[in-house]
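The structure appears right after this line, and notes come after that.
Here is the naming used below: chain letters follow the sequence lines, and residue numbers restart at 1 for every chain.
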Amino acid sequence: MTQPLLDIRGLTVTVAQGGPDVVQAVSYTVNRNEILCVVGESGSGKSVTAHAVMGLLSPDQLNVSAGEILYQGRNLVGLPNSEWYTLRGKCFGMVFQEPMTALNPIMRIGRQVDEVLQRHTDLDSAARRNRVLDLFAQVLLPEPAAIYDAYPFQLSGGQRQRVVIAMALALEPDVLIADEPTTALDVTTQAQILSLIKDIQRRMGIGVIFITHDFGVVADIADRIVVMRKGEVVESGPAEQILNQPEHPYTRQLIAAVPHKPQGKAAQPERAPLMQVRGLNKTFVTGGRRVTALRDIELDIHQGETLGLVGESGSGKSTLGRSLIGLIPPDRGSVKMEGRELLGLNAREFRPYRRQIQMVFQDPYASLNPRHRIADAISQGPIAFGETRSNALRQARELLELVGLGGDAADRYPHQFSGGQRQRIGIARALALKPRMLIADEAVSALDVSIQAQVLDLLKTVSGQFDLSVLFITHDLRVAAQICDRIAVMRQGEIVELDRALRIFYEPGHEYTRRLIASVPGQSWEKPDLAA
Amino acid sequence: MKDFLHAFCRHKGGVAGVIVIIAVAGLALAANWIFPHDPWEIVNAPFMPPMTDDTLLGTDTLGRDIGAGIAYGARLTLLLAAVSTAVSILFGVSVGAISGFYGGRVDQAVVGFIELFQTIPSFFLAVVLVAILTPSMTTVIFAIAVVSWPPLARLVRAEFMSLKNREFVQAAMLAGQSNARIILTQILPNSLSPVIVSGSLMVASAILLESALSFLGLGDPNAMTWGYIIGASRSVLRDAWWMSVFPGVAILLTVLSLNLIGEALNDALNPKLARKRTT
């Protein structure tokens with residue numbers, strides 16, 4: 001058997017200030033001509049391991065304390081910086097999660113790639129330019145010559161990620177490390193980038209370490225899989241085996257939590273509309289640029305239903321949610337709640353409706369005031385609406401109990417909770433005002449998949465228990481189809497399709513919806529039934 | 001709080017600064033006991049050099065004790081600096097908060113108002129204000145406060161502008177909290193650390209400003225401040241160095257300590273927030 005390209009043996013990474021090891025005795029190998037997917041939730045050490053391979057750990061924070069990283073038989077641990085310098089680029093290329101921050105915003109695209117070649121090769125400038133254009137063609141960028149002279153902000157997210165990939169490939173590395181390269185991208189763009197990475201890997205015969213948290217993505221591109229949790233490898237093996245016969249309970253739990261081929265909810269008889277949106281328009285004007293975020297939106301939200309609002313970034317779905325709740329004033333149109341017009345009301349007239357519509361925010365870290373105790377954060381709303389302090393605090397505790405945070409949770413501060421727990425707190429806060437309508441704006445997008453499933457369950461339970469209407473805003477059709485009764489698909493400020501969730505997912509009518517569904521990763525994979 | 005003290009104590013200069021400031025404050029408080037006589041009282045022959053005839057730091061042109069002047073001067077100087085800083089913080093924070101929170105027209109008006117102050121050299125403005133309003137403790141405090149609030153207002157405005165779009169503030173709006181309550185309980189506590197840091201630096205610059213005014217003879221003529229002592233003896237600087245040097249050293253040490261404290265506060269308050277975010 002041939003020697004593996006990269007062989008990580010018993011790698012342990014410790015925090016400089018002390019505390020538990022971030023990575024404990026991790027071993028895996030990467031061979032030539034394969035894609036190795038490293039899967040794990042946040043904090044599993046998957047990125048730290050990859051950064052250690054690239055020699056990118058900052059010595060004042062993280063240190064490799066044991067183990068070795070063998071690249072073609074040569075140990076890289078403890079190499080001086082100057083030698084890393086030549087290794088990076090020539091042997092390893094790296095693609096980061098956020099393409100916007102990986103590129104210098106004030107330098108032309110072509111020059112940035114050219115710089116890599118200039119430092120590491122002795123080609124003359126004409127040859128370098130040809131090489132860059134050739135690279136751009138390889139990553140399927142349209143009009144390489146035009147892209148060469150463009151600045152990062154002139155490119156779309158997908159194009160930027162292609163540039164970053166081109167840069168990583170510039171010196172023909174043997175190993176490409178991609179750290180969540182598609183997480184920040186829209187689903188249709190993600191599908192393109194995935195097929196590009198797979199295609200390039202096959203053509204160049206390189207080894208790829210692909211770090212991700214999404215089993216759908218894994219199913220699409222992995223040859224082999226390593227599953228990590230809390231700094232340890234829990235399971236590894238060929239993709240087929242892990243995806244279809246996972247052995248470790250954690251892997252099984254992860255796969256079970258993947259929203260995939262949703263069964264959806266049983267059809268409910270339609271009830272009276274709670275909110276009616278008619279002809280809603282909103283245009284943002286920034287420095288002469290006009291962006292139409294909402295164009296003649298017509299939408300009914302029925303009593304007690306969960307309505308999904310699905311679209312890619314910039315489709316106007318968040319603007320719609322924020323217009324309904326009064327955070328953004330729309331330009332034209334009407335929003336009625338049980339026949340009463342809400343737009344154009346002044347602050348005092350709107351106040352009684354204010355508590356009827358509440359919101360769960362996307363970022364569980366940003367949506368709680370770091371200096372307020374949880375019980376105070378939840379009781380602030382009822383107190384503002386005239387509840388006595390002691391009553392409000394008692395109700396806050398009951399609500400915390402309801403969302404599964406009992407005990408002393410009420411007296412603690414936000415930073416003492418995990419992301420999933422904070423999102424539960426966010427839900428409890430929204431419920432504290434006894435609203436009739438809940439707007440959940442990407443409420444589970446920032447959460448790990450297993451926690452995502454729990455929070456979705458909680459949302460489902462409370463919406464049933466309190467007979468809430470929920471407007472569930474998300475970019476992920478799989479998640480929407482799982483918990484929504486109906487789904488509205490938005491594109492460029494318009495609702496292109498609105499139908500029962502399962503019809504949208506399995507029999508999409510509009511061409512755009514079909515494209516969205518086709519881009520959902522992991523289509524070809526039949527998720528094993530692990531409940532049995 | 002414990003974390004904060006720990007982080008602060010790691011900054012040695014800051015700890016030294018705190019010690020010096022405590023010593024100066026102690027001197028100010030104990031002035032009555034150390035020097036039972038009034039600092040204006042003529043206690044000795046004029047032009048006595050330091051360490052002669054039971055005057056530790058010498059006497060001035062009229063025979064008043066320099067040591068007593070410095071001790072009583074510490075009282076007035078610190079009080080003046082503290083009050084003027086408090087006034088300008090109160091005003092600057094309120095203006096900045098309103099401007100940053102409401103935005104739009106209000107913000108434009110406030111920014112225009114701030115720029116009006118920032119286009120005039122601040123020391124000249126202070127000189128003119130004191131000259132017009134006739135020098136007294138109140139007018140000096142007023143003049144110092146008027147010239148030192150604009151940068152603070154800008155700082156607070158920027159903090160408020162970024163914080164008001166944070167989700168926890170939007171959540172508070174949705175919870176039906178009033179604007180005043182949101183400003184006071186949600187945003188303000190989260191924007192205090194830069195205010196605290198610049199507040200400590202403002203005390204230092206207030207001392208310098210007051211000394212400069214007194215040096216020019218524009219301080220309160222009935223107030224024995226450090227700047228006044230230096231100003232009164234500037235004409236005899238070459239014959240009697242001690243009259244200007246000792247109060248000068250007092251100003252130097254106090255201002256330096258306050259700057260060190262400001263730096264230590266900055267190190268202690270800001271990286272802590274940064275660390276919290278990453279963990």
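Of the inter-residue distances, the one linking Asn369(A) atom CG with Leu163(B) atom CG reads 9.0 Å to the nearest 0.5 angstrom.
Within the 4.5 angstrom heavy-atom criterion, only backbone atoms of Leu368(A) (N, CA, C, O) approach chain B. Looking at Arg351(A), the atoms closer than 4.5 Å to chain B (heavy atoms on both sides) all sit in the side chain, from C-beta outward. Using a 4.5 Å cut-off between heavy atoms, Phe385(A) touches chain B through its side chain atoms alone.
Counted within 6.0 Å of CZ on Phe8(B), heavy atoms from surrounding residues, nucleotides or ligands total more than 12; the atom is thus considered enclosed.
Nearest heavy-atom pair across Arg371(A) and Asn190(B) is NE-OD1, 3.1 Å. When all heavy atoms of Ala175(B) and Ala384(A) are compared, the closest pair comes out as O-CB, 3.8 Å. Annotation for Leu327(A) and Gln170(B): closest pair CD1-OE1, 3.9 Å, computed over non-hydrogen atoms. Nearest heavy-atom pair, Arg354(A) versus Met173(B), reported as atom, atom and distance to 0.1 Å: NE-O, 3.4 Å. Closest non-hydrogen pair, Ala171(B) versus Ser367(A), comes out as CB-O, 4.3 Å.
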Residue pair Arg181(B), Gln380(A): steps toward the side-chain hydrogen bond (donor to acceptor under 3.5 Å, both in side chains) verdict: CA-CA 10 Å; Arg181(B) 183 160 270 277; Gln380(A) 275 160 359; over 6 Å; no
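When atom types are taken as modelled, the side chain of Gln358(A) and the backbone of Leu174(B) share a donor-acceptor pair closer than 3.5 angstrom.
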